[in-house]
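Okay, structure first, notes after.
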Number of protein chains: 2
Amino acid sequence: MIENGASNEAGAGTGGEADLHADPYAAVLRPVRSGNTFEETVEKVLQLIRLGLVPVGDRLPPERELADRLQISRVTLREALKVLQDAGVLEVRRGRYGGAFVLAPAPSPAAASGGEELRRRVEELGDRLEDTLLFRQVLELGAAELCAERTPGGAEADRLRQLLAETGAATLEEYRRLDTRLHLAIAELSGSPSVAAQYAAVRATVNDLLDCIPLLPPNLQHSQLQHEELVDAILSGDAPRARAAMHEHLAGTAALLRGFLS
Amino acid sequence: MIENGASNEAGAGTGGEADLHADPYAAVLRPVRSGNTFEETVEKVLQLIRLGLVPVGDRLPPERELADRLQISRVTLREALKVLQDAGVLEVRRGRYGGAFVLAPAPSPAAASGGEELRRRVEELGDRLEDTLLFRQVLELGAAELCAERTPGGAEADRLRQLLAETGAATLEEYRRLDTRLHLAIAELSGSPSVAAQYAAVRATVNDLLDCIPLLPPNLQHSQLQHEELVDAILSGDAPRARAAMHEHLAGTAALLRGFLS
DNA sequence: TTCCAATGGTACAAGGCCATACCTTTAAAG
DNA sequence: CTTTAAAGGTATGGCCTTGTACCATTGGAA
């Protein structure tokens, strides 16, 4: 006998709990591609910007290098850049020492508008908000732990200390960018490129939300204390403490977001 | 599969430590697509099989449904199925109640050949072996913790208990498949579809390696004790204990692999 | 026996994406 | 002022992917 179709539970009125049986393939049968190449490319470039890896005023790598590293044709890359140019995100200049320069975001009242813009973007995310926050937590706690376990020393430790110091000395304007870089460095020091790449993607989304929230000096100060505890734990090779520090740190962010959503 | 050119440091004597500064974009500038649509589709279908979601003898969902869920055209899907058919992985039958049926793997001496085949596949993975194992650990520990935190009850708890029982009663033949289903269920109960999807992908790779190793009854028994501890911790809502149980469980697998590689 | 519905099999035209080669612009270097 | 290297801009032909429609096969239901 050949069975296949959704095996139906005679499940009583317990509600959605039978969903577990409903779709055994849910984890695998997702879209092979999340849009056409061009759309995915736009997202990638936006990631570079939202993560602050290419600060305002700086320029992206040359088209040829970008296309090469993203494994797409230059034609397709240029279509993506064109869109970002039209959207006022990039300014493209020709000639030697030209390139695609990151423009300052429009002085939108995003951060000033309270939860207005935030709610709009959260709505856009839909069900994926919880997924995003949970996935971020899994990655970030795991990265902190792995990083502490391998206990960076030498140049790697110096790099972490440097990033910590820079983040601590940051102005309100720069803080998000430097905070992101510190976290991303930890993800990279986890030793798993996959962890780093997934974290980069999810953090770009989170930054998009956080940019709708005004950053207050007390938050910043509190956050920096947690950074210090985190880095100290990592450099001491104390994985559980690193994990705990990161957990507390993330709880702060989550609370901030939830506060503005209610 | 398309490989990434490894960026070579002209690195002085200090070794790879300067890598941190070398490529600030490493986490973002990865290939937008890991091959053409057709190749990725082959991988997806193989995932269904390697994870045991479609057991030997059963058939895949109809082409139209698969194409729809993977968001690809039926033409492309059929190209992928054709390859798997030619490879002896699938048998395709026409007419009503036809479909693509999963064939038993060739009676290759994979498991019997000791570390022979395993070493070949590990070589194929190259640098990504460590990445795979670390990423798996991050996902699996995170999933166990999240799952315990939300403490499944009712039908969800029943489902976990059922999977645990089935896994415990499994023959050597079925064990890998049922073990995978239990772990995947926990990943899904984490509440984060991203965690589940990433776990599915990474576990398919891991299974590919584990299938090269003969499974011994003692390993199996030990493993099942850990499963019981894990599920008990989850159903008790004891996140740290769930995490610890999972950690011990994973250590066993890792040791097994390393043992056969040395 | 006849019909029907579910499933795989095939064809074709339109659009997406790519590799490649070449052109244009720019500013520093000589 | 001229040269030159590095960057963006453009054009062409071909393969990949898709959407749509229709054909062929099969086994159960009527």
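Protein chains get the first letters and strands the later ones, always in sequence-line order, with residue 1 at the start of each. Only this structure's heavy atoms are used, side chains among them; waters, hydrogens and symmetry mates stay out.
Contact annotation: B/Ser73 side-chain N/O to D/dT17 OP1/OP2 distance is not under 4.0 Å. Contact between the side-chain N/O atoms of A/Arg78 and the OP1/OP2 oxygens of D/dG8 is not found at any separation under 4.0 Å. For D/dT18, the OP1/OP2 oxygens have a side-chain nitrogen or oxygen of B/Thr76 closer than 4.0 Å.
Contact of A/Arg94 with C/dT24 (side chain to base): a donor-acceptor pair of N or O atoms is detected under 3.5 Å. A donor-acceptor contact under 3.5 angstrom links the side-chain atoms of B/Arg74 to the base of C/dG9.
Look at B/Glu124 and B/Arg120 and you find a salt bridge, because one of the NZ, NE, NH1 or NH2 atoms lies within 4.0 Å of a carboxylate O, short of that distance. Using a 4.0 Å cut-off between a side-chain N of Lys or Arg and a carboxylate O of Asp or Glu, A/Arg69 and B/Asp23 qualify as a salt bridge.
Nucleotides of DNA chain D nearest to B/Ile72 and A/Arg64 differ in position, and the one nearer the 5' end is that of A/Arg64.
At a threshold of 4.0 angstrom between heavy atoms, the contacts of A/Val92 are confined to the sugar-phosphate backbone, with no base atom among them. Residue A/Arg59 is classed as a sugar-phosphate contact, given heavy-atom separations below 4.0 Å to backbone atoms only.
The side-chain heavy atoms of B/Val54 and A/Pro24, taken from C-beta on, include no pair separated by under 4.5 Å.
B/Leu70 places its CG atom 14 Å from the C1' atom of D/dT17, with the value rounded to the nearest Å.
For B/Tyr97, the listed nucleotide lying nearest its side chain is D/dG27; candidates were D/dG27, D/dA21, D/dT17. The side chain of A/Asn36 lies closest to C/dC17, out of D/dA6, D/dA21, C/dC17.
A/Gln162 and A/Glu166 share a donor-acceptor pair across their side chains, judged by distance under 3.5 Å alone.
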